[in-house]
Peer 1: 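Have a look at the structure that comes next, please.
Every chain is numbered from 1 and lettered A, B, ... according to where its sequence line falls, protein lines coming before strand lines.
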Number of protein chains: 2
Amino acid sequence: MPHHAEEIAAAVTTRATLRDVAMLAGVSPKTASRVVNGETGVSPAKVNAVQRAVAQLNYRPNFTASALRRSTGRTAAIGAVLENVANPFSSALHRALEDVARSRDVMIFAGSVDEDPAREKILVQAFTARQADALVVVPASDNQAYLAHEITAGTPVIFVDRPPVGVLADAVLADNRAGAAAAVHHLVAHGHRDIGYLGDLSTIATAAERLQGYKEALSDHGIRPQPDHIVHDLHTEDAARAAALRLTTGRRPPTAYFTAQNLVTIGAIRALRELHQHEQIALVGFDDFPLADLLQPAVTVVAQDPFRMGLVAADLIFRRLDGQRWEPTTHLVPTRLIPRGSGEITGPHPRQS
Amino acid sequence: MPHHAEEIAAAVTTRATLRDVAMLAGVSPKTASRVVNGETGVSPAKVNAVQRAVAQLNYRPNFTASALRRSTGRTAAIGAVLENVANPFSSALHRALEDVARSRDVMIFAGSVDEDPAREKILVQAFTARQADALVVVPASDNQAYLAHEITAGTPVIFVDRPPVGVLADAVLADNRAGAAAAVHHLVAHGHRDIGYLGDLSTIATAAERLQGYKEALSDHGIRPQPDHIVHDLHTEDAARAAALRLTTGRRPPTAYFTAQNLVTIGAIRALRELHQHEQIALVGFDDFPLADLLQPAVTVVAQDPFRMGLVAADLIFRRLDGQRWEPTTHLVPTRLIPRGSGEITGPHPRQS
DNA sequence: ACGGATTTCGACAACGATGTCAACGCAGTG
DNA sequence: CACTGCGTTGACATCGTTGTCGAAATCCGT
């Protein structure tokens, strides 16, 4: 159906195209395109005519069509496969990506995986089908070999928080092992030798790393970990609370806890409160959370820096998009132990020194 | 440049197109398209050949090109103009949108405005340029007339948390006025008559509504609000803390506070702690926050339900996208007062009844 | 006034995909 | 045997935009 002038006038209900603008301005679509894109070499008279037509028709360029035609094919969009856009870690990461992307006029597509491996693939597919220029992935599945094709096809893929398996790619990880070890060293230094471990799903790579750090640190002090004081697979606050209740009311309860994830920390705190042990039993949590400093006692944590991780990931992405080449590299972002009170409750084995 | 067979074999570095698939399978692009889209009326032999070619070339359809050609032109993407993807309100809203969108295979573009009116327009532009099928907007500017064109062009636009100005559109709002009034009634019922108000930027519509509710509730009880106990434009935790410190150490300090926003609430709590007044001065905050129940005293709040607001907004969007028509409507999502302790500290005017 | 350089402009094809439609092959019918 | 009808298939145009390239108009210096 050809576009006639009278149609254009009547067509307030539909979006104007460059053809419509060109027709109204009495120029070719190509010239209209030139004006819209601010190219030089168009006579002032035509520039004016096109600009008036643009305003009159409220023309908005179709960026997807433009990207399709353009040589680079860039869509100026990055896909972020996150754990859950609503949790603080993911959303801080998301925000960091956005901040860097904003300076380049790039948008972020974000989606939540909820630890569902199938969902991870679905989201990656959805983002690649929409021609995302790059992907940021917090993997939930146990293998990301399916991403090899995207990477060889030139799409930068950066893994964040958890390392890739089955494929070589850049990764930005917290130093989970060192962070967990620091927590344990801190507790031992405050006189604890019987330190309970409460952790997330053992399928999650970071959880495994933190357990490893916990065990290594204990072994550094010649302490043999008590198997029944190590509990995995606590994926909800309530599961963590139940586990902490059980351990604390058992015979020979731990004198301190290392809680290896946010919700686990909070669940454990609830349990200790209920048992009125929160001023007696020490606790260090992995991953900081808002208001940790306002609780009684304030909660000592090993803080990650998800915002910084996002900044690093975004930097890698844009360096790759700018054409830089390098071997896939893993970047460790350090953690920081923040003593606030709960981790400084002294235990029964004060240091001799 | 034409696609030759040997090019296809060598072209592992570039993304395969439907042309490549068709060529390798020995069929026309149209037939390949039919197979990829699962249309009927293709002989089993060709279906097989195409599927093999798809697998061999790791073909992934270009959804943006498809959307461009398709009659509906839907991109299966919704733009969300949020306050800040990293704050709990926005991210809960975001997540609700995602949950509903997921069931329709629709993705969410999200961006943060940070209360910057210019940024609001930029994001809307970016989303419409990318042909988002619909927009969810938490406005920060004082006028959204610029969106009228999108709406008449048939793009559903739903305002959330704050009403639109200068344009008619659906809106999903918390019942700010009633919620604020409920907080004040609650405090009065516990013996308070001198209730300080600490609020966010007065340019934000919700802040104005909450102040209005506060004033009306006071007036219902025949209380004249004290002008110097009303402080606006507290947009950071620290500004709120400073204001609470100032009011509380002034002569004739309020016996209770209504803090009209999240960070303001937390800032006020910090101030009261520092002055050791947190067990003496009552406080009700607007908007719930995690761990409010673990503080000492636990914090009484008027809870909004951003997740529900997102669900309602998403429902409106998809009903519009499905072709339903109705006059723009405002949906009020009720708030809920959650007594936890800080709001039940009794004041100097216990009720006679 | 002339030739050549420069500027301005539009026709055309193409990006990757699909709607339209006509052509083809093959079976069944009169 | 010619004809109809159905199921397959591909040629072509098109979505909105821009890269390429040559034509036309304008400019300059001599």
Side-chain angles (χ1 to χ4, degrees), chain A residues 1-3 8 11 14-50 53-54 57-76 128-131 133 153, chain B residues 1-3 8 11 14-50 53-54 57-76 128-131 133 153:
Chain A
M1 184 198 319
H3 297 233
I8 296 174
T14 187
R15 208 171 290 279
T17 75
L18 204 52
R19 269 177 64 96
D20 302 326
V21 170
M23 199 149 281
L24 182 62
V27 302
S28 77
K30 176 69 222 203
T31 295
S33 166
R34 280 192 259 256
V35 174
V36 166
N37 287 56
E39 290 175 32
T40 59
V42 181
S43 70
K46 306 224 167 185
V47 170
N48 217 277
V50 171
V54 163
L57 297 177
N58 199 252
Y59 168 74
R60 296 280 168 254
N62 181 334
F63 190 79
T64 65
S66 168
L68 177 61
R69 182 62 180 89
R70 284 190 131 92
S71 31
T72 79
R74 293 273 172 83
T75 56
T128 56
R130 284 174 177 74
Q131 309 296 106
D133 294 336
Chain B
M1 187 195 321
H3 298 233
I8 297 173
T14 186
R15 210 172 290 277
T17 75
L18 202 52
R19 269 177 65 95
D20 302 326
V21 170
M23 199 149 282
L24 182 60
V27 301
S28 76
K30 177 69 223 205
T31 296
S33 167
R34 279 191 261 256
V35 174
V36 167
N37 286 52
E39 290 175 31
T40 59
V42 181
S43 70
K46 306 222 167 188
V47 170
N48 217 276
V50 171
V54 164
L57 297 177
N58 199 252
Y59 169 74
R60 296 280 168 253
N62 181 333
F63 191 80
T64 64
S66 169
L68 177 61
R69 182 61 180 89
R70 285 190 131 92
S71 30
T72 78
R74 294 272 172 85
T75 56
T128 56
R130 284 174 178 73
Q131 307 297 107
D133 295 336

Peer 1: Looking at the side chain of B/Thr31, which of D/dT9, D/dG16, C/dG10 is the nearest nucleotide?
Peer 2: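 Among the listed nucleotides, the one closest to the side chain of B/Thr31 is D/dT9.
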Peer 1: To the nearest Å, how far apart are A/Asn37 CG and D/dG16 P?
Peer 2: 17 Å
Peer 1: Could you check how far CG of A/Leu18 sits from P of D/dT14, rounded to whole Å?
Peer 2: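 Nearest whole value for this atom pair: 18 Å.
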Peer 1: Is the side chain of A/Arg130 donor-acceptor paired with the backbone N or O of A/Thr75 at a distance under 3.5 Å, no angle test?
Peer 2: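 No.
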Peer 1: Whole angstroms only, please: what is the CZ-C1' distance between B/Phe63 and C/dG16?
Peer 2: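 Rounding to the nearest Å, CZ of B/Phe63 and C1' of C/dG16 are 13 Å apart.
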Peer 1: Starting at atom CD of B/Glu39, determine the distance to atom P of D/dT8, rounded to an integer number of angstrom.
Peer 2: 13 Å
Peer 1: Please assess A/Leu68 against B/Asn62 for the test side-chain contact (heavy atoms from CB on, under 4.5 Å), listing each intermediate value before the final yes or no.
Peer 2: CA-CA 10 Å; A/Leu68 177 61; B/Asn62 181 333; 4.2 Å; yes
Peer 1: Of the nucleotides C/dT20, D/dG16, D/dT18, which has the atom closest to the A/Leu68 side chain?
Peer 2: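 Closest nucleotide among those given: D/dG16.
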Peer 1: Given D/dA11, D/dT18, C/dT8, identify the nucleotide with an atom nearest to the side chain of A/Ser43.
Peer 2: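 For the A/Ser43 side chain, the nearest candidate turns out to be C/dT8.
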Peer 1: On DNA chain C, does the nearest nucleotide to B/Thr64 precede the nearest nucleotide to A/Val42 from the 5' side, or the other way round? Give the residue.
Peer 2: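 Of the two residues, A/Val42 wins.
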Peer 1: How close or far is atom P of C/dG16 from atom CZ of A/Arg70, stated in whole angstroms?
Peer 2: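 Rounded to the whole Å, the gap is 15 Å.
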Peer 1: Please tell me if A/Ser66 has a side-chain N or O lying less than 4.0 Å from either OP1 or OP2 of D/dG16.
Peer 2: no
Peer 1: Looking at B/Thr17 and B/Tyr59, what are the two nearest heavy atoms and their distance?
Peer 2: C-CE1, 3.5 Å
Peer 1: Report yes if a donor N or O on one partner sits less than 3.5 Å from an acceptor N or O on the other, where the partners are the side chain of A/Arg34 and the base of C/dG10; otherwise report no.
Peer 2: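 Side chain to base: pair found, below 3.5 Å.
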Peer 1: Please check: side-chain N/O of A/Asn48 versus main-chain N/O of A/Ala45, any donor-acceptor pairing under 3.5 Å?
Peer 2: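 No; zero donor-acceptor contacts below 3.5 Å.
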Peer 1: For B/Val27 and A/Ala65, find the nucleotide of DNA chain D closest to each by heavy atoms; which residue's nucleotide sits nearer the 5' end?
Peer 2: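 On the 5' side of the pair lies B/Val27.
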Peer 1: Starting from P on D/dT14, measure out to NZ on B/Lys30 and report it in whole angstrom.
Peer 2: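 Going from B/Lys30 (NZ) to D/dT14 (P), I get 15 Å.
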Peer 1: Can you measure B/Gln131 atom CD to D/dG16 atom C1' for me and round it to whole angstrom units?
Peer 2: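 Atom CD in B/Gln131 sits about 9 Å away from atom C1' in D/dG16.
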Peer 1: Which of the following nucleotides, C/dA17, D/dT17, C/dA11, is nearest to the side chain of A/Ser28?
Peer 2: C/dA11
Peer 1: Which atoms form the tightest heavy-atom contact between B/Val27 and B/Ala32, and what is the distance?
Peer 2: CG2-N, 4.0 Å
Peer 1: May I ask you to verify whether the side chain of B/Arg69 and the base of D/dT14 hold a donor-acceptor pair under 3.5 Å?
Peer 2: yes
Peer 1: Side chain of A/Ser33 only, heavy atoms from C-beta on: which candidate in D/dT18, D/dT9, C/dC15 is closest?
Peer 2: D/dT18
Peer 1: What's the CZ-P distance between A/Arg130 and C/dG16, to the nearest Å?
Peer 2: 18 Å
Peer 1: Please confirm whether any donor atom in the side chain of B/Arg15 sits under 3.5 Å from an acceptor in the base of C/dG16, or the reverse.
Peer 2: no
Peer 1: What's the closest nucleotide to the A/Lys46 side chain, out of C/dG16, C/dT18, C/dC9?
Peer 2: C/dC9
